[in-house]
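What's counted below: heavy atoms across the whole structure, side chains too, no hydrogens, waters or symmetry copies.
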Amino acid sequence: MNKVIRKIISTSKCPKPLAPYSQAIVADRTIYCSGVIGMELAEPKLVEGGAAAQTAKALEHLKNLLQEAGSGIDRVVKTTVLLADMNDYAVVNEEYKKVFSNNFPARTCYAVTKLPLGAAVEIEAVAIVGEVEHQLS
């Protein structure tokens with residue numbers, strides 16, 4: 001039986017985890033990114049500007065995390081978006097479209113009662129490492 005490599009990914013280009021979890025794990029050629037929120041890099045504090053600013057910052061952190069893992073936004077296959085208020089859905093989508101502009105990943109979006117630090121949005125992703133050939137059905 002072949003061994004599967006499990007590699008913990010950590011980068012100073014993303015905020016430190018607020019609890020006992022890894023920023024991301026690469027298992028074989030799949031990257032599992034923990035949820036990211038729109039936090040300042042240097043301190044556990046949300047960026048100002050509400051859901052739009054927090055979404056933009058969370059996606060910036062996600063890009064940095066994927067890059068550290070040897071992947072990128074273009075190789076994301078699934079995201080989960082958690083919203084503290086479903087009324088922010090349209091605002092979050094506007095920021096999301098700036099990063100995921102084509103070959104959209106599969107996505108789930110939930111409204112939740114509360115997010116860490118009182119965040120408006122949290123985004124997690126599953127991506128792949130290696131060369132990708134995009135095909136449409």
Side-chain angles (χ1 to χ4, degrees):
M1 184 175 252
N2 293 335
K3 283 186 183 178
V4 173
I5 303 296
R6 180 184 182 272
K7 181 179 178 185
I8 295 173
I9 303 299
S10 180
T11 178
S12 61
K13 293 180 181 178
C14 291
K16 291 181 181 178
L18 297 172
Y21 60 85
S22 298
Q23 290 175 326
I25 301 285
V26 177
D28 198 18
R29 293 178 52 178
T30 305
I31 304 164
Y32 300 91
C33 297
S34 294
V36 291
I37 59 176
M39 282 177 34
E40 299 286 353
L41 190 56
E43 56 185 297
K45 175 183 159 188
L46 295 170
V47 296
E48 293 184 15
Q54 288 179 31
T55 301
K57 183 55 87 172
L59 289 168
E60 178 185 322
H61 294 323
L62 184 60
K63 282 186 204 178
N64 290 336
L65 189 53
L66 290 166
Q67 183 178 18
E68 183 70 24
S71 187
I73 286 293
D74 62 322
R75 294 181 225 151
V76 172
V77 295
K78 172 75 166 75
T79 62
T80 302
V81 178
L82 306 172
L83 299 176
D85 184 347
M86 197 53 94
N87 290 320
D88 290 331
Y89 188 78
V91 171
V92 169
N93 278 335
E94 286 303 312
E95 294 300 321
Y96 189 91
K97 287 190 305 189
K98 293 176 184 176
V99 173
F100 295 103
S101 56
N102 58 31
N103 295 318
F104 300 114
R107 185 178 98 172
T108 304
C109 183
Y110 299 102
V112 297
T113 58
K114 193 170 183 181
L115 290 168
L117 300 179
V121 63
E122 181 173 2
I123 303 170
E124 66 177 34
V126 178
I128 50 180
V129 177
E131 191 174 334
V132 176
E133 179 181 323
H134 296 282
Q135 295 183 355
L136 301 174
S137 63

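When the options Lys57, Glu122, Gln54 are evaluated for a side chain to side chain contact (heavy atoms under 4.5 Å, CB included) with Ile37, the one that passes is Glu122. Only one option out of Val126, Thr79, Leu62 pairs with Cys33 in a side chain to side chain contact (heavy atoms under 4.5 Å, CB included); it is Leu62. Between Thr55 and the options Val81, Ile123, Asp88, a side chain to side chain contact (heavy atoms under 4.5 Å, CB included) holds for only Ile123. For the pairing with Leu59, the side chain to side chain contact (heavy atoms under 4.5 Å, CB included) check across Val99, Val36, Val92, Asn64 returns one residue only, Val99.
Grouping the Ile, Leu, Val, Met, Phe, Trp and Tyr side chains by contacts below 4.5 angstrom, directly or via other members, places Val129 apart from Ile25. Hydrophobic clustering of Ile, Leu, Val, Met, Phe, Trp and Tyr side chains at less than 4.5 Å, counting indirect connections, unites Val76 with Phe104. Note on Val112 and Tyr89: separate hydrophobic clusters, where clusters join Ile, Leu, Val, Met, Phe, Trp and Tyr whose side-chain heavy atoms are under 4.5 Å apart, directly or indirectly.
Note that the OG atom of Ser101 and the OH atom of Tyr96 stand 11.0 Å from one another [nearest 0.5 Å].
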When you look at Ile31 and Ile128, which way does the side chain to side chain contact (heavy atoms under 4.5 Å, CB included) test go after all the steps?
-> CA-CA 6 Å; Ile31 304 164; Ile128 50 180; over 6 Å; no
Tell me, with the steps shown, if Gln23 and Ser10 meet side chain to side chain contact (heavy atoms under 4.5 Å, CB included).
-> CA-CA 6 Å; Gln23 290 175 326; Ser10 180; 3.6 Å; yes
Show the numbers, then the answer: is there a side chain to side chain contact (heavy atoms under 4.5 Å, CB included) between Ile73 and Leu66?
-> CA-CA 7 Å; Ile73 286 293; Leu66 290 166; 3.9 Å; yes
Chi angles and distances behind the side chain to side chain donor-acceptor pair (under 3.5 Å) call for Thr108, Lys78 | CA-CA 8 Å; Thr108 304; Lys78 172 75 166 75; 2.8 Å; yes
Stepwise side chain to side chain contact (heavy atoms under 4.5 Å, CB included) check, Ile9 with Thr11 | CA-CA 7 Å; Ile9 303 299; Thr11 178; 5.6 Å; no
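Side-chain contact between Leu18 and Met39: present, with at least one pair of heavy atoms (C-beta onward) separated by less than 4.5 Å. Taking the side chain as every heavy atom from C-beta outward, Leu82 and Thr80 approach each other to under 4.5 Å.
The cationic group of Arg107 does not satisfy the cation-pi geometry with Phe100, failing either the under 6.0 Å distance to the six-membered ring centre or the 45° limit from the ring axis.
Applying the salt bridge (Lys or Arg N to Asp or Glu O under 4.0 Å) test to pairs two or more places apart or on separate chains, none has a residue in residues 42-53.
Across all non-hydrogen atoms, the minimal contact from Leu115 to Leu83 is CD1-C, 4.3 Å.
Ion pairing of Lys63 with Glu60 is absent here, as no side-chain N (NZ or NE/NH1/NH2) approaches a carboxylate O to less than 4.0 Å.
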